[in-house]
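Below is one structure, written out as structure tokens; comments come after it.
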Amino acid sequence: ADYIVGLTGGIGSGKTTVANLFAELGITLVDADVIARDVVMKGSYGLAQITQHFGDDILLDDGNLDRAKLREKIFHNDAERVWLNSLLHPLIRETMLKQCKQAQSNYVIMVVPLLFENGLDSLVDRTLLVDISPELQQQRTMSRDSVTAQQVKNIISSQATRAEKLSKADDVIDNQGEISALKCKVEALHNFYLKLSSNS
Ligand code: ATP
């Protein structure tokens, strides 16, 4: 596909739920989180670079990346963090764009939690925000994961604010209601994106 819709939203907003509804309509999903893991999986170019830089200590016994150790290495070290980001960000971008190109659907949905924060909105043709209040984000995340209210609050405050995201997004899907209300909204957006992608 040549037309890319970037789907974003804060923690617990409903990105996965919305993305799966697009998938049911035959639209290919490209998931930034999945790709971020793939580029450092065992045998990858990314993991080889990381091992060369940090040494074999950065691996678990089974040869996979020790993510906790890597987090530790970059946590208090800006230079190492910059090094890692300059390795991973281009790799992730390239892989995302390659998967979009290869997709057979009329357009693709690229799911990127930090689309605006990481400037990835410049890669896509259109941005779609899943919007809910911070209170609902907290409530839904806590009923899904075993996390404390404070942990969710910390994550929310590390992400762009609701107002910032609303002002940047081309399209907004309100997910404050029932899940059953989403289907209709997704179908309407799908028809809109089919039109946009056929004109591009
Ligand atoms: P994250 O970025 O944290 O992975 P996400 O944006 O992908 O989250 P989902 O996993 O889709 O969000 O939704 C968060 C939780 O809220 C899930 O348990 C999901 O089933 C639930 N949920 C999504 N939409 C609704 C809704 N409209 N009403 C009630 N629960 C919902």
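Whatever order the structure lists them in is the order used to number ligands and atoms, beginning at 1.
In D2, the CG atom is not crowded: 12 or fewer heavy atoms of neighbouring residues, nucleotides or ligands sit closer than 6.0 Å.
With T127 contributing its side chain and D170 its backbone, the two residues share a donor-acceptor pair below 3.5 Å.
No hydrogens or angles considered: nothing links the side chains of N20 and E24 as a donor-acceptor pair under 3.5 Å. For the residue pair Y193/D171, the side-chain donor-acceptor check at 3.5 Å is satisfied.
In plain terms, the two heavy atoms of K42 and G63 that are nearest each other are CG-O, 3.8 Å.
Under a hydrophobic-cluster definition in which Ile, Leu, Val, Met, Phe, Trp and Tyr are linked whenever side-chain heavy atoms come within less than 4.5 Å, directly or via other members, I173 and L136 are assigned to different clusters.
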Pairs under 3.5 angstrom, nitrogen or oxygen on both sides, ligand 1 versus protein: list them out, please.
unit_1: ligand 1; atom_1: 2 (O); unit_2: K15; atom_2: NZ; d: 2.7
unit_1: ligand 1; atom_1: 3 (O); unit_2: G12; atom_2: N; d: 3.0
unit_1: ligand 1; atom_1: 3 (O); unit_2: R144; atom_2: NH1; d: 3.3
unit_1: ligand 1; atom_1: 3 (O); unit_2: R144; atom_2: NH2; d: 2.8
unit_1: ligand 1; atom_1: 4 (O); unit_2: R144; atom_2: NH1; d: 3.3
unit_1: ligand 1; atom_1: 6 (O); unit_2: S13; atom_2: N; d: 3.4
unit_1: ligand 1; atom_1: 6 (O); unit_2: S13; atom_2: OG; d: 3.4
unit_1: ligand 1; atom_1: 6 (O); unit_2: G14; atom_2: N; d: 3.0
unit_1: ligand 1; atom_1: 6 (O); unit_2: K15; atom_2: N; d: 2.8
unit_1: ligand 1; atom_1: 6 (O); unit_2: K15; atom_2: NZ; d: 2.8
unit_1: ligand 1; atom_1: 7 (O); unit_2: T16; atom_2: N; d: 3.0
unit_1: ligand 1; atom_1: 7 (O); unit_2: T16; atom_2: OG1; d: 2.5
unit_1: ligand 1; atom_1: 8 (O); unit_2: G12; atom_2: N; d: 3.2
unit_1: ligand 1; atom_1: 8 (O); unit_2: R144; atom_2: NH1; d: 3.1
unit_1: ligand 1; atom_1: 10 (O); unit_2: R144; atom_2: NH1; d: 2.9
unit_1: ligand 1; atom_1: 11 (O); unit_2: T16; atom_2: N; d: 3.4
unit_1: ligand 1; atom_1: 11 (O); unit_2: T17; atom_2: N; d: 2.9
unit_1: ligand 1; atom_1: 11 (O); unit_2: T17; atom_2: OG1; d: 2.6
unit_1: ligand 1; atom_1: 12 (O); unit_2: G14; atom_2: N; d: 3.0
unit_1: ligand 1; atom_1: 24 (N); unit_2: N175; atom_2: ND2; d: 3.0
unit_1: ligand 1; atom_1: 27 (N); unit_2: N175; atom_2: OD1; d: 2.7
unit_1: ligand 1; atom_1: 27 (N); unit_2: G177; atom_2: O; d: 2.8
unit_1: ligand 1; atom_1: 27 (N); unit_2: I179; atom_2: N; d: 3.4
unit_1: ligand 1; atom_1: 28 (N); unit_2: R140; atom_2: NH2; d: 3.3

